Amino acid sequence: MTMPTKFRRDASAIALGLALSVFVPGAAMAQDADTAPVGEVPAEDAIVVTGIRGAINNSVQAKKANTSIVEVISAEDIGKLPDLSIAESLSRLPGLATQRLDGRANVVSIRGLAPDFTTTLLNGREQVSAGNNRGVELDQYPSELLNGAVVYKTPDASLIGQALGGTIDMRTVRPLAYGRRAIAAGARFEVNDLGKLNPDISNKGYRANISYIDQNADGTLGWAIGYARMQSPTAEERFNAWGYPEVTDGTNTAFLIGGAKPYVKSNELKRDGVMAVVEWEPSDRFHTTIDAYWSKFKDDQRLRGIELPLAWGNSTLQPGFTVEDGLVTEGVWTGTEAVMRNDVVHRTSTIIAGGWNSQFKPNDRLTLELDLGYSRLKKTEENLEIYLGTGRGAGVGARETALGFQLRPKGGIILDPSLDYADPNLFLITDPQGWNSCGGAVPNCQDGFVNTPKIKDELKSLRLQATQELDGVLSSIRVGANYSDREKSLDDRGFVLTGNDYPANTAVPADYLYDPVSLDFIGIPGMVAFDSWRYYNDGNYVLTDEAGWTPGRIFNDYNVREKVLTGFIQANFDADTGSTPIRGNVGIQIVHSDQSASSFYAQVVGGQVQSTPVTDGATYTDFLPSLNLTVEFADNTFLRFGAARMLARARMDQLKPGGGVNFDASKRNNTDIEASPWSLDLGNAKLRPLMADTVDVSLEKYFGQGAYVSLGGFYKYLENYIYRQSDAFDFTGFEIPDGGTVATYQGLANQWRNGNGGRVYGAEAALSLPFATFTPALDGFGVLASGSYTKSRVREGSADPIAMPGLSRWVVNGTAYFEKAGFQARISGRYRSKFLAEVSGLSLKRDLVTAKSEMVVDAQIGYTFQSGALEGLGILLQASNLTNEPFVTYYNNDPRQIRDYQNYGRNFMAGVTYKF
């Protein structure tokens, strides 16, 4: 059903006006529903519940008490979230799904909207991101240092950082609310069952953590500190295809693999994290908290494989090949000239985040609050490629006389080579394909390449607010303002590596060689492997900056700054209409944004890149009304309604104002702008946020301890969407690259613009069911289950509707558990149907490809001693990706045309915990 335009645009404002007219005349006091930290029992409460069932109960109670539509996860105990990472825990919530990177859950989509449409907070403060855009990579945050998280699906006016998909607020412990001393430590050993795929990265690792919480004797001063260390292995057997061009013999057409890059990959993830909190409450009039978080994440990778130019290279497909339903699935290539690669990746990300919050009550009814926040990230990367081949340049040296291939039905390829890829006398350090000429001056100069991008992201915030408690239906009024200043930059650098012995080919010195690495998963028994990282650092290459002849190395750089002032007013209400309790909030945010960005125009003139700095920006103001209404129409049965106007800011790389200027000399005499010699790929620093009017409805029934069932639906009308559009552009002032003449300086710029939007809508259901609800005989058993169905209809101009990045139509999660007398066991599965995945390409470029549906199963079993000398000691066994589910992406909407088939294997962990 299509909503009338006027209603679509004014729905949130109408809801706001109606709510104010109904609720403002009344008055009475009610506590904010979400003031208690997630998963913590107030100090004066004598009941302490821990373990799986305690975490479930805390989460359910927090969900029930909140006035917004939220999902909640809570720690089972201090330093113990239910999963290995906060991302995996979030992925089990209704309507949420994660995308895996190197086998681990990395970023989160909410209600089918990609991570860039989601805001992540830590203790209520917005966090910066390690990627080159806005989506926060959640594996940067150790689960051992977090006490839980709240996912806001509907916002309220005082929620800073609300986003189109939703807002994730990760929480650390509050020592005074925790209310007692606790010291907890844990250690786990980890192994990946694919084995040691590369000789210089282990398939074994460990995790260790320790936390300490305490307070003074009178309970006015509390402190908490935690440290977590991880050295985790991941492994990957990966088949990567360049693409599938369509070929014809004049009569029949079929898709044919253009090239392949299969390899084995080993990762060692090292992460150190520290969390500290100091909380002081000398009286019921004053409360102040300082919290700090630091994390350093190092990702060391070794990738070894063979790049095979096929249809897009110098290979010839021999007659007798097999075609199945328009795809060549089996055949023999001749003339293939392989590029053997020994690659290394080093990524280091450091995050510092924290804040100071103080609350002062001049009287019993008024609370004044000050909050200062800070978040900063620095990320550096060295992505090293080292090539081996049989000769310098295309068509030189030994080539395949018969390279048999067969595409496997479920993904990947099996090869039958004629060359010995494990022979270090045959495969030498060189430029096998002539991929670069260093700007035309040095033919076949690329013996390797190194990308060295750097990202900096810093965000400072100041928040002031006052809450006045009232009598009657209107329980309180909150007014305030938040100012944030964020600056993010990308410095994209890349260097061609040319061997010191150029133009000679160089044999790998014997002292750098390893035993051959197996590529059995593609049918090749071994390939030459050596310590390429040490060889590179020993000064065996000359580095040449690619920015000298590649404009993209210049205009990829950007610096974006956003200064945002948000004022808000929120009225909280709590009333009984007869015997029906009604509570909620209504309010509005006024958001003033001042955004600016700088980058470059870049073009090749006379064989060299010339660049011109450019700075642009915009200021604008948005009004974001919101309403949350909860009606308890039967005992522990709630009908919730939410209406809001929401925004999601443009991606950082879309806001950069520069671009690459292209000139086609063959069109220099054209005057028609559609056939102009000039063209430009351009960003846009004037982009406005994506705006949406949203409506949410949820029906929730709570029964027993930790038990509930819910059913809900949502509708988001996207007023606009950001996509590339062609517009007229004046190229006057740009130099004609060859120095000649031109008939016109008018051309087209392919630029990011705000255009028509669309809609996203869906339904969600969730169940938490401890079996003791039915009979005491089943005490300890229980299940958690959720499912969501989401659809979108968004058009880029007049084109056909597009698939929204990150949207799976179906997301289903289930967990079965048992916990009693210290024993616990759990098995969980999460399913998501196919979706448009965002994957990293060259120079941090984002590629959109379709990912197959996946079902990931994890399990754990453990026992905690309840008494005696070992009281507090726990033993734990865990397994992730138990069914060895691959991550698979494909081209042309054909699951047989595999882009990536990534087999990660299973990770097994054994560990101990101790709390006293």
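All values derive from a computational prediction rather than experimental measurement.
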Taking Arg341 for its side chain and Tyr263 for its backbone only, find out whether a donor-acceptor pair lies under 3.5 Å. no
For the residue pair Leu308 and Ala338, what are the closest heavy atoms and their distance? CD2-CB, 3.7 Å
Step by step, work out the salt bridge (charged side-chain N to carboxylate O under 4.0 Å, His left out) result for Arg493 and Asp557. CA-CA 9 Å; Arg493 304 292 300 278; Asp557 292 356; over 6 Å; no
Is the distance between the ring centroids of Phe449 and Trp435 less than 6.0 Å? no
How close do Arg832 and Gly806 get, counting heavy atoms only, and between which atoms? NH2-O, 2.9 Å
Using the side-chain contact (heavy atoms from CB on, under 4.5 Å) rule, pick out the option among Ile522, Leu519, Leu197 that qualifies with Glu237. Leu197
For Phe835 against Leu807, the heavy-atom pair lying closest together: CB-O, 3.2 Å
Any side-chain to backbone donor/acceptor pair from Arg392 onto Pro503? Under 3.5 Å, distance only. yes
Partners meeting ring pair (Phe, Tyr, Trp, His ring centres under 6.0 Å) with Phe427 (sequence neighbours left out): Tyr421
Checking Thr498 side chain against Cys445 main chain: does a donor-acceptor pair fall under 3.5 Å? yes
Closer than 3.5 angstrom, by distance alone: can the side chain of Ser532 be matched with the main-chain N or O of Asn342 as a donor-acceptor pair? yes
Between Asp447 (side chain) and Asp431 (backbone), is there a donor-acceptor pair under 3.5 Å? yes
Residue pairs fulfilling disulfide (SG to SG under 2.5 Å) with at least one residue in residues 502-553, sequence neighbours excluded: none
Set out, in order, the CA-CA distance, both residues' side-chain angles and the distance that settles salt bridge (charged side-chain N to carboxylate O under 4.0 Å, His left out) for Arg271 and Asp139, then state yes or no. CA-CA 9 Å; Arg271 184 188 61 205; Asp139 48 11; over 6 Å; no
Stepwise salt bridge (charged side-chain N to carboxylate O under 4.0 Å, His left out) test for Asp858 and Arg92: CA-CA 11 Å; Asp858 304 321; Arg92 305 195 192 286; 2.8 Å; yes
Would you say the side-chain atoms of Asp900 pair up with the backbone N or O of Gln902, donor to acceptor, closer than 3.5 Å? no
Within this structure, what is the CZ-OG1 distance for the pair Phe555 and Thr550, rounded to the nearest 0.5 Å? 9.5 Å
Taking every heavy atom of Val528 against every heavy atom of Ala422, the minimum-distance pair comes out as CG2-C, 3.7 Å
Are a donor atom and an acceptor atom from the side chains of Asn267 and Asp102 found within less than 3.5 Å of each other? yes
Can a donor-acceptor pair be found, under 3.5 Å and without considering hydrogens, that links the side chain of Ser808 to the backbone of Ser853? no
Do Leu96 and Arg830 have side chains that get closer than 4.5 Å, going by heavy atoms? no
Judged by atom type as modelled, is there a donor-acceptor pair below 3.5 Å linking the side chain of Asn881 to the main-chain atoms of Gly905? yes
Using the rule given for salt bridge (charged side-chain N to carboxylate O under 4.0 Å, His left out), can you reason through Glu190 versus Arg207, listing the C-alpha separation, both sets of side-chain angles and the distance that settles it, and then say yes or no? CA-CA 8 Å; Glu190 184 175 5; Arg207 299 168 72 110; 5.2 Å; no
Which distance, rounded to the nearest 0.5 Å, do you find between the OG1 of Thr380 and the NZ of Lys454? 7.5 Å
Without swapping roles, check the side chain of Ser202 against the backbone of Lys204 for a donor-acceptor pair under 3.5 Å. yes
Does any non-hydrogen side-chain atom of Phe297 lie less than 4.5 Å from one of Lys379? no
Given the options Tyr535, Phe530, Trp533, Tyr512 meets ring-ring contact (aromatic ring centres under 6.0 Å, His included) only with Tyr535
Using every non-hydrogen atom in the two residues, find where Pro886 and Tyr901 come nearest and quote the distance to one decimal. CG-OH, 3.6 Å
Option passing salt bridge (Lys or Arg N to Asp or Glu O under 4.0 Å) with Arg100 (candidates Glu885, Glu88, Glu854): Glu854
Closest heavy-atom pair and its distance - Trp333, Ser315: CE3-CB, 3.5 Å
Take Asn540 and Asn500 through the test side-chain hydrogen bond (donor to acceptor under 3.5 Å, both in side chains) and record every step on the way to the result. CA-CA 6 Å; Asn540 289 295; Asn500 291 340; 4.5 Å; no
Counting N and O atoms only, with roles assigned by atom type, does the side chain of Arg809 sit under 3.5 Å from a partner on the main chain of Ser833, one being a donor and the other an acceptor? no
